[in-house]
Trainee: 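Got a structure for you, written out below as structure tokens; questions coming shortly.
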Amino acid sequence: MKVVFSERHRAHAYAHEVAAGVPIPAWEVPERAEHIRNALLSAGHELMGPVEHGRGPIEAVHDRDMLRYLETAWKEWTRAGIAERDAIIPDTMPLPAYHEGMSGPTEPQSPCGRIGYWCFDTMTPIVEGTYGAARAAVDVALTAAGLIASGEPVAYALCRPPGHHAARATFGGYCYLNNAAIAAHWLAVRTGSRLGLLDIDYHHGNGTQQIFYRRAEVAYASIHGDPRRMYPYFSGHAAETGAGDGTGANLNQPMAAGTDDRAYLAALDRSINWLLDRSDGPVVVSLGFDTFGEDPICDFALTTPVYRECGRRVAASGRPLLLIQEGGYHLPSLGTNAAEWLGGAADVTAR
Ligand code: Q9C
Ligand code: ZN
């Protein structure tokens with residue numbers, strides 16, 4: 001299978017994230033992508049670099065001012081002399097109720113204000129290499145989308161940083177730009193078809209859901225830890241089914257702690273069938289391995305062999321598959337689980 005990868009992800013590296021108010025060692029680390037890259041090379045997959053696609057496809061999905069912010073944040077932060085802190089993390093965010101009955105908010109002038117205007121959590125630091133890495137991850141996704149547009153049955157985008165928590169005009173959850181949403185929109189326009197977007201990262205893809213909530217061109221189905229107990233807390237409930245032109249085109253399956261292979265595969269079959277009923281073009285997969293039983297920040301109980309079966313079942317849909325890497329934080333298993341998933345998909349598409 002063709003695997004698209006950029007080394008520029010390595011410059012996006014920070015020591016700490018802030019969780020529940022406390023600095024903890026970062027989970028979203030460069031080693032994640034390196035482990036996956038190495039395992040896929042060993043498994044005989046074919047690695048290639050990304051092609052630059054420019055800002056156009058990003059601005060078709062994200063707020064231009066947010067993109068501008070990401071581009072300028074680090075320079076502005078260091079110029080303001082706050083450089084003794086090694087990363088930009090917000091401390092003040094404008095919740096909707098802050099401006100209740102008033103107009104606003106508007107983007108502040110000060111660097112500390114600006115980060116809180118755009119970033120919705122404290123776990124998504126910006127460092128010097130963040131913007132370049134986020135842009136490269138988008139190019140990785142779009143390059144893999146280009147392979148699908150030119151007739152490849154399946155392609156894998158080894159994106160880092162991940163993307164599915166980034167909404168049109170706010171980012172968080174280790175994500176800055178929504179690689180999967182940008183590639184899906186680009187592919188929908190290119191192919192003139194209705195796409196399916198299957199989100200099988202452990203977390204609800206709030207950003208992807210938000211971007212397509214009122215749009216018919218991409219149907220979104222997600223299987224994730226129930227937001228009643230898990231990040232991102234504020235979306236992912238089964239009652240969220242789309243609105244406007246996107247009415248009925250959003251399917252959330254929130255799952256219990258300890259969800260095992262069997263329960264997961266049943267939810268997967270339901271998502272696949274639901275997507276096939278509502279689309280006629282490629283399926284974009286937001287692929288996370290934080291569903292693994294040993295993942296340090298999640299609570300499902302999946303085992304390594306089930307990833308091969310997941311790859312098989314998704315590929316058995318017969319649709320072209322654009323695979324976009326999202327989360328997964330148990331370093332020792334990441335490469336193997338990715339190789340199993342891709343191997344399962346390749347088994348079916350090669351037939
Ligand atoms: N104490 C992805 O998997 N941290 N993002 C939650 C709460 C944020 C995960 C921990 C998790 C974001 C792409
Ligand atoms: Zn995740």
Trainee: Walk me through it: do Asp245 and Arg215 pass the test salt bridge (charged side-chain N to carboxylate O under 4.0 Å, His left out)?
Mentor: CA-CA 5 Å; Asp245 291 345; Arg215 300 190 192 183; over 6 Å; no
Trainee: Run the salt bridge (charged side-chain N to carboxylate O under 4.0 Å, His left out) test against Glu240 and tell me which residues pass, sequence neighbours left out.
Mentor: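 Partners of Glu240 under the salt bridge (charged side-chain N to carboxylate O under 4.0 Å, His left out) test: none.
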Trainee: Does Asp347 pair with Arg308 as a salt bridge, N-O distance under 4.0 Å?
Mentor: yes
Trainee: Determine whether the side chains of Asp199 and His224 contain a donor N or O and an acceptor N or O closer than 3.5 Å.
Mentor: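 No, His224 and Asp199 have no side-chain donor paired with an acceptor closer than 3.5 Å.
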Trainee: Between Arg229 and Asp299, does a salt bridge (charged side-chain N to carboxylate O under 4.0 Å, His left out) hold up when you go through it step by step?
Mentor: CA-CA 10 Å; Arg229 70 172 190 285; Asp299 65 5; 2.6 Å; yes
Trainee: Applying salt bridge (charged side-chain N to carboxylate O under 4.0 Å, His left out), can you list everything that pairs with Arg37, at least two apart in sequence or on another chain?
Mentor: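 Salt bridge (charged side-chain N to carboxylate O under 4.0 Å, His left out) check on Arg37 returns Glu34.
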Trainee: Has Arg10 got more than 12 heavy atoms of other residues, nucleotides or ligands less than 6.0 Å from its CZ?
Mentor: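 Result for CZ/Arg10: enclosed.
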Trainee: Any salt bridge between Arg262 and Asp260, counting N to O under 4.0 Å?
Mentor: no
Trainee: For Asp295 and His330, which I'm curious about, is there any donor-acceptor pair between the side chains at under 3.5 Å?
Mentor: no
Trainee: Does His16 reach the side chain of Ile24, with side-chain heavy atoms less than 4.5 Å apart?
Mentor: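 A side-chain contact under 4.5 Å is absent here.
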Trainee: Taking all non-hydrogen atoms of both residues, which atom of Asp86 and which atom of Ala15 are closest, and how far apart?
Mentor: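 Looking at all heavy atoms of both residues, the shortest contact is OD2-CB, 4.3 Å.
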Trainee: Mind listing the closest non-hydrogen atom pair of Pro30 and Ala13 along with its distance?
Mentor: CG-CB, 3.8 Å
Trainee: Could you tell me whether Glu76 atom CD has more than 12 heavy atoms of other residues or ligands within 6.0 Å of it?
Mentor: yes
Trainee: For Gln210 and Arg168, which I'm curious about, is there any donor-acceptor pair between the side chains at under 3.5 Å?
Mentor: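 Their side chains do not contain a donor-acceptor pair, so the 3.5 Å distance test is not met.
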Trainee: Checking side-chain polar atoms at under 3.5 Å, does Ser6 have a donor or acceptor matched by the opposite partner on Asp139?
Mentor: no
Trainee: Would you please say whether a donor-acceptor pair under 3.5 Å links the side chains of Thr247 and Arg214?
Mentor: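 No - no donor-acceptor pair under 3.5 Å links their side chains.
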Trainee: With side chain to side chain contact (heavy atoms under 4.5 Å, CB included) as the test, would you mind laying out the steps for Thr291 and Tyr307 before giving the verdict?
Mentor: CA-CA 10 Å; Thr291 48; Tyr307 290 109; 2.7 Å; yes
Trainee: Measure from the ring center of Phe300 to the ring center of Tyr202 and say whether it is less than 6.0 Å.
Mentor: yes
Trainee: Within a strict 4.5 Å, meaning less than it, do heavy atoms of the Arg319 and Pro153 side chains meet?
Mentor: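 No. Closest side-chain heavy atoms not under 4.5 Å.
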Trainee: Are Glu28 and Arg160 close enough, and set up right, to give a salt bridge (charged side-chain N to carboxylate O under 4.0 Å, His left out), and what steps lead you there?
Mentor: CA-CA 9 Å; Glu28 205 294 281; Arg160 180 180 175 271; 2.7 Å; yes
Trainee: I'd like to know if Arg194 pairs up with Glu217 as an ion pair, taking the criterion as any Lys NZ or Arg NE/NH1/NH2 lying under 4.0 Å from an Asp or Glu carboxylate oxygen.
Mentor: no
Trainee: Using the side-chain hydrogen bond (donor to acceptor under 3.5 Å, both in side chains) rule, take Thr241 and Asn250 through it: C-alpha gap first, then chi angles, then the decisive distance, then the call.
Mentor: CA-CA 4 Å; Thr241 56; Asn250 196 91; over 6 Å; no
Trainee: Are the ring centres of His12 and Tyr176 closer than 6.0 Å?
Mentor: yes
Trainee: Is the centre of the Tyr220 ring less than 6.0 Å from the centre of the Phe212 ring?
Mentor: no
Trainee: Quick one about Tyr69 and Glu107 (side-chain donor to acceptor, distance below 3.5 Å, no hydrogens or angles considered), yes or no?
Mentor: no
Trainee: I'd like to check Leu70 versus Phe171 (side-chain heavy atoms, cut-off strictly below 4.5 Å). Are they in contact?
Mentor: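 SC-SC contact between Leu70 and Phe171 confirmed.
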Trainee: Side chains of Asn337 and Thr304: any donor to acceptor distance under 3.5 Å?
Mentor: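 Indeed, the side chains of Thr304 and Asn337 share at least one donor-acceptor pair under 3.5 Å.
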Trainee: Is it true that His204 and Ser235 share a donor-acceptor pair across their side chains at a distance under 3.5 Å?
Mentor: yes
Trainee: Does a donor on one side chain and an acceptor on the other come within less than 3.5 Å for Thr130 and Tyr14?
Mentor: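 Not at all, the side chains of Thr130 and Tyr14 share no donor-acceptor pair under 3.5 Å.
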Trainee: Taking the side chain as every heavy atom from C-beta outward, state whether Tyr156 and Ile36 have any atom pair closer than 4.5 Å.
Mentor: yes
Trainee: Does any donor atom in the side chain of Ser333 or Glu294 lie under 3.5 Å from an acceptor atom in the other side chain?
Mentor: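 No.
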Trainee: Check the side chains of Glu326 and Ser286 for a donor-acceptor pair under 3.5 angstrom, ignoring hydrogens and angles.
Mentor: yes
